[in-house]
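Naming convention: chains lettered A, B, ... in sequence-line order (proteins, then strands); numbering from 1 in each chain. The figures here come from the full heavy-atom set of this structure, side chains too, leaving out hydrogens, waters and symmetry mates.
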Protein chains: 2
Amino acid sequence: MLAITRQDNEETPSGAERVLTFFRDRLLSGELKAGDRLLGERELSLALGVSRPVLREALRSLAMLGLLDIRHGRGAYVRSADASVLGQALTLCLAPEPNILDDVLQARIAIECQAIRLACARASERDLQAIAATLDTLVDSLDDPERGGGADYAFHLAIVRASDSAALMKIYEAISPLLMRSHVERRRDTFREPAITSGLVEAHRQVFLALARRDPDEAERALRGHFRIGDELRRNNLISTWQERGSTP
Amino acid sequence: MLAITRQDNEETPSGAERVLTFFRDRLLSGELKAGDRLLGERELSLALGVSRPVLREALRSLAMLGLLDIRHGRGAYVRSADASVLGQALTLCLAPEPNILDDVLQARIAIECQAIRLACARASERDLQAIAATLDTLVDSLDDPERGGGADYAFHLAIVRASDSAALMKIYEAISPLLMRSHVERRRDTFREPAITSGLVEAHRQVFLALARRDPDEAERALRGHFRIGDELRRNNLISTWQERGSTP
DNA sequence: GTCCTAAAGTGGTATGACCACGGACTGACC
DNA sequence: GGTCAGTCCGTGGTCATACCACTTTAGGAC
């Protein structure tokens, strides 16, 4: 059901509902595909038998869900499925939860560990080359926190992409905004010392090698190890920060 | 950003935008919390300086995102974060993808495997008892496909819940609708013979025991084994179906 | 006290008009 | 002939107003 406010039993699908179901059906069935242009609001409202404000409410709602791209003076276009809406919805859903920025890492680990297993079986040579390229970028940008962070993300994203699973990819994109916020937040706690960064590269290399050898168990093990190390580093930094504060109140 | 159609640079936040950001901010900051009742549309439109149709567009959009519950004759209430919207958004995002009902199983495996690892560390005694209860239901409803399917889902859901990770839980709820469709679709391919069902119970029991022993590696191994067996069964059934069709065209 | 009814308040819809933006056509100018 | 400017048309964006449908509630009849 696209319409939220509805749970009654098949009465008269009041105007706005009709419009929503009308588009939902056509979007799900593929009759309306990305890039298609909708009729004008006036014609549509006439065709669907509703007033223009009602039609607009439905259209705006669909735009809010990221399904339509409505542009002033031009018209409404069907938008290609976009994970950004998912990310927004997830952010809003998880907003009231405590420690969500820590918790979202669990989802990240979940997706990536399964993705790398699939990637071991499905990754094409081009996928592997793409991942290797992100590794090169990672090495090149060790001293640049900004670029380095981007390369890090690109590496992990490339792995998920190599899994060739649309579901894993969409979910990963959906949690990406929260992942970014989490990453930014813990930048305050993590220092990139040379010893750490070199270890970081090595960890990524191990993950990549296991993947290139098409060894799922080893790849997942390496990946989990990589995550665990990062977690411990952050924890240690937090501890030492506390200790410093304790000694100099 | 809650508003999709906007990417320009800080011009005049046209009416509808103002309303959207107004509510988005108050929802994210917690100033508006679940259960709160909004002012009437007429008062709100007056207070925010927009016309009622515009105000309604924004309100309906928020309702579409599951953030508001608007009821005729009563008013608009802030809704507690609900994963059902996520599920709908995910369904619409994944609609154009081929074989999405198979692919969503990868996401399921990803979430559950990480969830059971966390559950090994975090599950309370009550969590374990809840999981055990679903196992009992599963055994009791072996001959009832309907109840059996429900018990099966309840078992896996209880594991995710025991992980005590809001993110994993929300995502699992989000993919649940697709999971259901997937389950229904492959009911046509899977026959529940006595030998299979007994094996099914045993597989679930092994998963539960490993979890109760708080052994993450073993628990994940058992869970992956359970998924793999189900996959192979389905594949074999498909093969035999094809062979039958081939022999009797 | 209980029940029914009517009024008030709420969201739902419709109409019509006007404004703002974008593109296309057409004309003049180079 | 090509290019640029202005105008016009179609589009979404907004507004005001009126009326309808549903829910609740308060008042009156019993």
Is [X] touching bases, backbone alone, or none of the nucleic acid, heavy atoms closer than 4.0 Å?
{"X": "E57(A)", "value": "nothing"}
{"X": "L59(B)", "value": "nothing"}
{"X": "L39(B)", "value": "sugar-phosphate"}

How many Å lie between [atom1] on [X] and [atom2] on [N], as a whole number?
{"X": "H72(B)", "N": "dC22(D)", "atom1": "NE2", "atom2": "P", "value": "6 Å"}
{"X": "E17(B)", "N": "dC21(C)", "atom1": "CD", "atom2": "P", "value": "13 Å"}
{"X": "R52(A)", "N": "dG16(C)", "atom1": "CZ", "atom2": "P", "value": "13 Å"}
{"X": "L48(A)", "N": "dT13(C)", "atom1": "CG", "atom2": "C1'", "value": "15 Å"}
{"X": "L46(B)", "N": "dT10(C)", "atom1": "CG", "atom2": "P", "value": "13 Å"}
{"X": "L68(A)", "N": "dT11(D)", "atom1": "CG", "atom2": "P", "value": "16 Å"}
{"X": "L20(A)", "N": "dG12(C)", "atom1": "CG", "atom2": "P", "value": "13 Å"}
{"X": "L62(B)", "N": "dG11(C)", "atom1": "CG", "atom2": "C1'", "value": "16 Å"}

From the set [options], return the single nucleotide nearest to any side-chain atom of [X].
{"X": "R56(A)", "options": "dT14(D), dT11(D), dG22(C)", "result": "dT14(D)"}
{"X": "R74(A)", "options": "dA18(D), dG22(C), dT14(D)", "result": "dG22(C)"}
{"X": "S51(A)", "options": "dA14(C), dC15(D), dT10(C)", "result": "dA14(C)"}
{"X": "R42(B)", "options": "dG13(D), dG11(C), dC15(D)", "result": "dG11(C)"}
{"X": "I70(B)", "options": "dT23(D), dG12(C), dT10(C)", "result": "dG12(C)"}

Original post:
Has the side chain of R37(B) got a donor or acceptor atom that lies under 3.5 Å from a matching backbone atom of R74(B)?
Top reply: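 Yes, because the side chain of R37(B) sits within donor-acceptor range (under 3.5 Å) of the backbone of R74(B).
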
**OP:** Measure from NZ or CZ of R18(B) to the centre of the six-membered ring of F22(B) and say whether it is under 6.0 Å with the direction within 45° of the ring axis.
**Re:**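 No - R18(B) does not lie over the ring of F22(B) by the 6.0 Å and 45° rule.
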
**OP:** Compute both the distance and the angle, then confirm whether R108(B) meets the cation-pi test with Y172(B): under 6.0 Å from the six-membered ring centre, within 45 degrees of the axis.
**Re:**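 Because its charged atom misses either the 6.0 Å distance or the 45° angle limit, R108(B) does not stack over Y172(B).
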
**OP:** Indicate, yes or no, whether a donor-acceptor pair under 3.5 Å links the base of dG12(C) to the side chain of R60(B).
**Re:** no

Original post:
Considering only heavy atoms and no angle criterion, is a donor-acceptor pair shorter than 3.5 Å present between the side chain of R71(B) and the base of dG12(C)?
Top reply: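 Looking at the base of dG12(C), it does not pair with any donor or acceptor on the side chain of R71(B) (distance under 3.5 Å).
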
Subject >> Residue whose nearest DNA chain C nucleotide is more 5′ - G73(B) or V54(A) >> reply: G73(B)

**OP:** Go through the steps to decide whether Q106(B) and L118(A) satisfy the test side-chain contact (heavy atoms from CB on, under 4.5 Å), and finish with yes or no.
**Re:** CA-CA 9 Å; Q106(B) 300 302 335; L118(A) 283 177; 3.4 Å; yes

Subject >> Parallel, tilted or perpendicular: ring planes of H156(A) versus H204(A), cut at 30 and 60 degrees >> reply: perpendicular

